[in-house]
Amino acid sequence: MTADVHAERAATSRRPGLAALRGRNNEGVLAGVILLLLLVMLVVEPSALTWGFAGDIIRSGLVTLALALGLLLIIISGGMDVSFTAIAVFSGYATVRLMTDLGIDGRVWPFLLAAAIGCALGSLNAVLVARYRMETLIASLGTQVIIRGFLLAFVGSTYLATLPPQLDSVGTTTIFRLGSSPVNIVVVPVALACVALALILRRTMFGRGVYAVGGDKESARRVGFHVARVQTGIYLLAGLFAGFAGMVHVVLSRHASPFDLVGMELNVIAAVVIGGALDRGGRGSVHGTVLGVLLVSLVQNSLVRLGISSYWHVLVIGLVILVGVAIQARSNARGAKRPRILEEVTP
Amino acid sequence: MSKSSSTTISRNRAWSGRVLGQARHNGHALGLLVLAVMVAVMFSALSPSIYATPLNVQSIAFAVPEIGLMALAISIAMTTAGIDLSTVAVANLAALTAAFVSLQGQEAGMSTLVVSVVAVAAALAVGMLCGVLNAAVIAVIGVAPILATLATQMLLAGLAVLLTEGRPIYGLTPELTAVGTGTFAAVPTVFWIFLLVIATAAFIMRRTGYGLRATMIGANAVASDYSGINRSGVIFRTYMLTGTISAVAGLVMVMRTVSAAPGYGSSYLLLAVTIAVLAGVNPFGGRVAVWGVALAAVVLQMISSGLNILGYSAYIYQIVQGLILVGVMILRVEGIRAVALVHRARSGGAADPVPPVIDRPYEEGHDAQSSSGAAYSSHTHQG
């Protein structure tokens with residue numbers, strides 16, 4: 001084991017350039033895989049690589065990315081969440097429902113209202129995880145069914161085919177065109193959300209706390225982080241992002257259906273994990289997640305462009321996820337610190 | 001601190017530990033039983049003409065096995081601090097295999113009995129193979145169980161869609177159909193199968209060396225490494241076991257409905273996890289609750305049936321499921337705190353202060369609901 005450690009240390013010190021290229025969470029590897037895929041596309045079906053294709057990828061990845069942001073926070077803190085899709089669909093649908101019932105309209109404030117609703121729903125997770133220390137997956141499984149059940153039983157289970165006109169106009173506003181594919185104005189708030197989350201994670205004490213809690217709760221507590229308070233912040237913020245994502249979905253799809261999104265959580269989790277966030281916590285970054293979403297979206301769109309039968313899609317996506325997760329696990333296992341006996345550490 | 005007072009404290013702690021331990025072991029199953037009786041009495045009172053009839057009891061007994069078996073598979077994975085999210089997908093694949101084999105065998109003109117045996121064997125083999133796949137991803141590649149089974153779940157579901165092109169398969173041998181719809185001693189045959197699997201699983205988990213090793217890995221993986229347990233071997237056996245149990249669930253499913261389709265029962269996953277947690281399995285590992293799973297499955301099916309009879313929508317049942325899942329956890333934490341408070345009052349106050357809920361120390365992988373007894377008595381290093 002000692003030899004291994006020394007060899008590895010030597011290897012990393014010998015190749016500082018390569019290690020830096022690989023990135024702290026394998027972002028480099030991910031970017032390489034994406035480039036490789038594009039190269040394969042270029043060889044197999046060069047006509048498919050158009051600007052319109054890029055536009056499609058952005059369009060289809062936007063909702064996933066918006067959903068992934070809140071989840072990223074939770075996964076960095078060592079948790080797992082499956083309630084975010086329910087929170088998103090609840091916030092989006094309830095907001096539109098409210099607007100149509102009251103006959104009010106708007107462009108920006110519906111996003112804020114949806115985010116606020118999401119934040120309120122996120123507080124359910126916050127209480128369960130921070131106060132009762134429930135296993136995060138179990139807690140979110142519970143809140144997922146409660147939130148979705150509440151939405152369908154009490155808020156409404158009818159499909160709203162038309163949005164209020166002003167809100168609908170957001171969905172048809174394009175900022176620029178990539179080939180034949182229009183890029184929606186919603187790209188801007190999503191990008192802003194990404195930047196905001198990146199700043200929170202890297203520049204604030206709360207962000208440090210998220211990583212610390214993910215690394216080891218007890219250490220974080222002894223260092224002086226108020227773990228429960230950090231967790232509360234995480235789940236409120238994740239709810240906020242989920243609510244916002246719900247509105248993004250509603251605006252982009254130009255209808256509101258209470259049956260949307262739920263069932264999509266595995267795709268989003270996969271994108272975040274492939275993006276370098278470690279399920280044990282303490283690792284992960286916004287740009288990694290962006291790359292992860294890009295990869296999943298790229299694969300999905302490539303399958304369509306290459307004309308592969310839709311019966312293959314789930315299988316191929318499953319394979320990509322399995323391989324992505326496996327690569328992350330291998331590279332983490334290499335750097336993982338196992339408990340060592342003293343003599344081995346002191347030379 | 002004088003010697004006498006410290007021994008009092010340690011005796012107190014031992015006492016509280018014993019009480020908590022007892023409460024944890026027997027109290028939980030007892031609590032489930034009480035819950036079952038309460039649910040039965042409540043719905044019987046609300047709807048005496050329909051709920052409390054033999055027919056309804058029988059329909060509950062028909063519905064319990066498939067979901068109960070899936071919950072059992074997940075609970076066994078949880079015992080090793082893992083989880084098997086691929087259960088439903090494996091069950092579906094096994095069901096499709098059984099239907100496919102019986103269809104092909106009957107068309108080839110083989111004896112239906114032989115075809116039935118081959119179909120069952122093929123389904124179980126598929127389940128076990130899926131388990132090997134899960135275990136390989138977890139133990140060999142080193143992916144966390146939740147992510148590994150999440151990926152294989154998608155992979156297997158995709159495989160089912162690909163092989164069937166999304167179409168359901170109808171038709172089963174008469175023998176298998178008879179097992180799925182028949183009764184033995186007024187109890188559905190599938191319920192007998194369920195009890196048999198539960199008893200076998202209870203024996204494996206409680207009485208064999210493998211069961212003990214699996215529990216130890218769940219309780220403390222590092223300690224089990226140092227005691228020379230072959231972790232990957234145990235993980236392989238665990239996921240082969242859960243895969244096989246899932247396949248049995250799939251067989252029950254296909255025998256009951258005489259058809260199999262990819263994507264069938266996808267809403268079962270959450271329900272199965274709910275049942276496993278309600279049964280008293282600790283998601284962080286180290287606890288076996290096989291009979292608890294059976295009880296919890298029955299309780300949830302009783303609630304489902306009751307709500308159905310009273311005319312509530314499936315969404316209300318979803319909410320109730322979620323509330324039960326969350327409520328059980330909250331009750332555990334608050335209940336243990338209450339026990340500690342009562343104990344403190346008995347021992348005259350100051351000797352053993354009750355720590356606050358929020359700022360307790362964290363233990364690696366073992367939070368409040370798993371080892372609260374230990375967490376409550378381990379505040380020596382704080383003072």
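Residue numbers start from 1 in every chain, and the chains themselves are labelled A, B, ... in the order their sequence lines are given, proteins ahead of strands. Note that the coordinates shown come from a computational prediction; the quantities given were computed from them, not determined experimentally.
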query = Looking at B/L159, B/V277, B/I330, which has the largest count of heavy-atom pairs under 4.5 Å with chain A?
reply = B/I330
key: Contact list for residues 138-157 of chain A, test ring-ring contact (aromatic ring centres under 6.0 Å, His included), sequence neighbours left out   =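 Found A/F150-A/F154.
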When you compare the side chain of [Y] with that of [X], does any pair of heavy atoms fall below 4.5 Å?
| X | Y | answer |
| --- | --- | --- |
| B/T274 | A/L141 | no |
| B/I319 | A/V145 | no |
| A/H313 | B/L162 | no |

task = Heavy-atom distances under 4.5 Å only: say whether B/V273 touches chain A with side chain, backbone, both or neither.
result = side chain
query = Tell me, side chain or backbone of B/V161 under 4.5 Å from chain A's heavy atoms, or both, or neither?
reply =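 Looking at B/V161, backbone and side chain both touch chain A.
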Run the side-chain donor-acceptor check on residues 78-85 of chain B: report pairs under 3.5 Å with partners two or more places apart or on a different chain.
unit_1 : atom_1 : unit_2 : atom_2 : d
B/T79  : OG1    : B/S75  : O      : 3.0
B/T79  : OG1    : B/R287 : O      : 3.0
B/T80  : OG1    : B/A77  : O      : 2.8
B/D84  : OD1    : B/S86  : N      : 3.0
B/D84  : OD1    : B/S86  : OG     : 2.6
B/D84  : OD2    : B/T242 : OG1    : 3.0

remark   = Those residues at least two apart in sequence (or on a different chain) that pass side-chain contact (heavy atoms from CB on, under 4.5 Å) with B/S232 are B/A139, B/N230
inquiry  = Out of A/I146, A/I317, A/V314, return the one with the most heavy atom pairs under 4.5 angstrom to chain B.
reply    =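 Looking at each of A/I146, A/I317, A/V314 in turn, A/I146 comes out on top.
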ask   = Considering only heavy atoms, which portion of A/L137 lies under 4.5 Å from any heavy atom of chain B: side chain, backbone, both, or neither?
value =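 Just its side chain gets close to chain B.
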task = Sort A/L151 into side chain, backbone, both or neither according to what part of it lies under 4.5 angstrom from a heavy atom of chain B.
result =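 Contact with chain B: none, neither part.
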message = Checking an interface table here. Which of residues 319-326 of chain A come within a heavy-atom distance under 4.5 Å of chain B?
response =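 The list, in residue order, reads A/L319, A/I321, A/L322, A/V325, A/A326.
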